Amino acid sequence: MTLSFDPDSLTLPIGHFIGDRLVPAANGIDMHRPSDGIEYAGCPKADAALVDEAVQTAKAALKSSNWGGVRPRERTKVLQRWADLIEQEAETLAKIEALSSTRPVGQLIAGDIAVTAEQIRFFAEFADKEGGDLVPTDDASLGMIMTEPYGVVGAITPWNFPVSMAGWKLGPALAAGNAVVLKPSEMTPFSSIFMAQLAIKAGLPAGLINIVLGDGPVTGNAITGHPDISKVSFTGSTAAGAAIMANIARTGIKPMTLELGGKSPQIVFADADIEKAAAAIAGNILSNAGQACVAGSRIIVEESAADALSTAIIARMKAVKPGPTWDETTQYSPIISEVQRKRIDGIVQAAVAHGGECLTGGAVMDGPGYFYQPTLIANVDQTSPAVTEEIFGPVLTLQTFRTEEEALALSDHPTYGLAAGLFSRDVSRVMRLSRAIQAGTIWVNRYGRSRDHILPTGGYKRSGIGKDLGREAYLANRKSKSVLIGL
């Protein structure tokens, strides 16, 4: 299979997807390819009226198909067929996503798309395996906890992993018997449209997936504030999550799942396998050029191991091969936009002005596209902009400690608590710190998710509310009621 392709030859599904058809729409937002900066398309912008059409289509589809009331195994079978089609059409899907996103086409085939198909199968299996409970009561009564779908779920996904994030939202919501109105990021919208088209081919009743394109202030607000949206699921920045909470509060009360920003620490003790730690830390920050909410961007290393660790990380940073996302040999991604690249550079330069030292990188890359050098900054303290702010780029900071207590204090962030890395051979220390670190996910002697979909993801503090993935994600898409019967 040859994955490299000509970016100018690709046909994109431009429009909104409502019911079972692509609805053509005028360009509303200019789009530029991150790999070369060339304007290549326009993203339509759905207004409140079009969002309402999508919501009413979803409501009608739920009623006509009885999706939430059919034998649960029927939902399982449809979603499994959908996962099969995603795998079969992986090459087309990868090219559509690679064109507009920061995800190299080769990594999409081997990673994002394959894992997304697995996750959809994982959630499909919950449909006939999770239900209500009989609960203990006295002999004169029968107590039950019944669960049922919410109805229409509103979902909003970010630009950094479009296929994966669509799977995170659509898989559990559909398996649980809901319909979905989804807004992908206006920077990377087209792969979600193609996934919806594949779902219809798999036999999903028309109208259960509706994709509306647009921005947050107009389209996103129309979704989160719509009275017939019964639950909201969002992945993105903490600021956007706060705005969604405020909009929901203004227009009503509804449950929400918010997976938000992070500023995750990587704590490395001298007894760790330093080469293994360096590979995990560098691999994570180089993946997607650090554009991930769980990016482990703060290295907190025992003083005696700092030189060895930084040397090993720098070697990996210098060896990575940048290139356009449509080249299957590309190892290192561009930044999503020129605006974001300038923001990254601004934080790096502010950190240097604050006393930080760039051990490697620290500048914009020459050539076409929005590339930024992999960067490691030392001599930073807790007040440095590179330590306090979520950079969302290929930038690591390095701080040192002498005691376990000092490491724990440095790892704590006043705002974020999404994830953390911990490297040590001392099992007791690992268990002690895993309990003490304030984060929703702790990775030990590794950094990043595996294909263990049963493990949920979600944050502490301002890093979010609720969980994606795992059993928790399925249950978050069903509501419960208590029934007590007198006998």
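None of the values given here were measured: they were computed from a predicted structure. Below, each value reflects all heavy atoms present in this structure, side chains not excepted, and no hydrogens, waters or symmetry copies.
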Is atom NZ of Lys254 surrounded by more than 12 heavy atoms (other residues, nucleotides or ligands) closer than 6.0 Å?
-> yes
List the steps and the verdict of salt bridge (charged side-chain N to carboxylate O under 4.0 Å, His left out) for Arg73 and Glu125. CA-CA 8 Å; Arg73 196 67 193 171; Glu125 288 295 339; 3.0 Å; yes
For Phe123 and Gly470 the tightest heavy-atom approach is CE2-O, 3.4 Å
| Do Thr415 and Lys263 get their side chains close enough for a donor-acceptor pair, meaning under 3.5 Å? | no
* State whether a side-chain donor-acceptor pair under 3.5 Å links Thr457 with Asp468. => no
The reported gap from CG in Leu208 to OG in Ser64 (rounded to nearest 0.5 angstrom) is 7.5 Å
Here the pair of heavy atoms bringing Gln340 nearest to Phe392 is NE2-O, 3.1 Å
All heavy atoms of Ala117 vs all of Ile86, minimum pair found to be CB-CG2, 4.4 Å
Applying side chain to side chain contact (heavy atoms under 4.5 Å, CB included) to Ala25 and not counting sequence neighbours gives His16, Pro44
With sequence neighbours left out, the residues meeting side chain to side chain contact (heavy atoms under 4.5 Å, CB included) with Ala58 are Val152, Ala179, Val181, Asn210
Exceeds 12 heavy-atom contacts within 6.0 angstrom, atom CE of Met365: yes
Exercise. Go through Arg121 and Glu118 one step at a time and tell me if the salt bridge (charged side-chain N to carboxylate O under 4.0 Å, His left out) criterion holds.
Key: CA-CA 5 Å; Arg121 293 190 185 100; Glu118 284 185 8; over 6 Å; no
Query raised in the report: Checking Asp345 side chain against Arg341 main chain: does a donor-acceptor pair fall under 3.5 Å?
Result: no
Using a 3.5 Å cut-off and no angle test, enumerate the donor-acceptor pairs between side-chain atoms of residues 109-116 and protein atoms at least two apart in sequence or in another chain.
| unit_1 | atom_1 | unit_2 | atom_2 | d |
| --- | --- | --- | --- | --- |
| Asp112 | OD1 | Arg103 | NH2 | 2.8 |
| Asp112 | OD2 | Arg103 | NE | 2.9 |
| Thr116 | OG1 | Asp112 | O | 2.7 |

(message) Using a 3.5 Å distance criterion without hydrogens, assess whether the side chain of Arg75 forms a donor-acceptor pair with backbone atoms of Ala175.
(response) yes
Between Pro394 and Ile344, the two heavy atoms sitting closest are CD-CD1, 4.4 Å
- Message: Testing the 3.5 Å rule here: is there a donor-acceptor pair between the side chains of Lys231 and Thr257?
- Response: yes
Do Leu418 and Thr441 have side chains that approach each other closer than 4.5 Å (heavy atoms only, starting at C-beta)? no
Short question: side chain of Asn284, backbone of Gly296 - any donor-acceptor pair under 3.5 Å? yes
Is the side chain of Arg316 donor-acceptor paired with the backbone N or O of Ala282 at a distance under 3.5 Å, no angle test?
no
- Query: Got a donor-acceptor contact below 3.5 angstrom from the Glu97 side chain to the Leu108 backbone?
  - Reply: no
Practice prompt. Please lay out, stage by stage, how Val212 and Ile223 fare under the test side chain to side chain contact (heavy atoms under 4.5 Å, CB included).
Written response: CA-CA 9 Å; Val212 289; Ile223 291 173; 3.8 Å; yes
Review point. Distance-only, no hydrogens or angles: does the Glu390 side chain make a donor-acceptor pair with backbone N or O of Gly262 under 3.5 Å?
Key: yes
- Indicate yes or no for a side-chain donor-acceptor contact from Thr375 to the backbone of Gly361 under 3.5 Å, with no hydrogens or angles considered. no
Nearest heavy-atom contact between Val320 and Pro374 is CG1-CG, 4.2 Å
Answer yes or no: are there more than 12 heavy-atom neighbours, outside Asp366 itself, under 6.0 Å from its atom CG?
-> no
Are any of the side-chain heavy atoms of Ile281 and Ile285 separated by less than 4.5 Å? no
Exercise. Does the Ser35 side chain pair with the main chain of Pro324, one donor and one acceptor, at a distance under 3.5 Å?
Worked result: no
When you measure from the side chain of Trp159 to the backbone N and O of Ser100, does any donor-acceptor pair fall under 3.5 Å? no
- Item | Test side chain to side chain contact (heavy atoms under 4.5 Å, CB included) applied to Met31 and Phe190, step by step | CA-CA 12 Å; Met31 302 177 68; Phe190 304 123; 3.7 Å; yes
Does the Arg446 side chain pair with the main chain of Gly448, one donor and one acceptor, at a distance under 3.5 Å?
yes
Donor on one side chain, acceptor on other, Gln80 and Asp84, under 3.5 Å = no
Closest non-hydrogen contact found for Asp228 with Lys59 is OD2-NZ, 3.5 Å
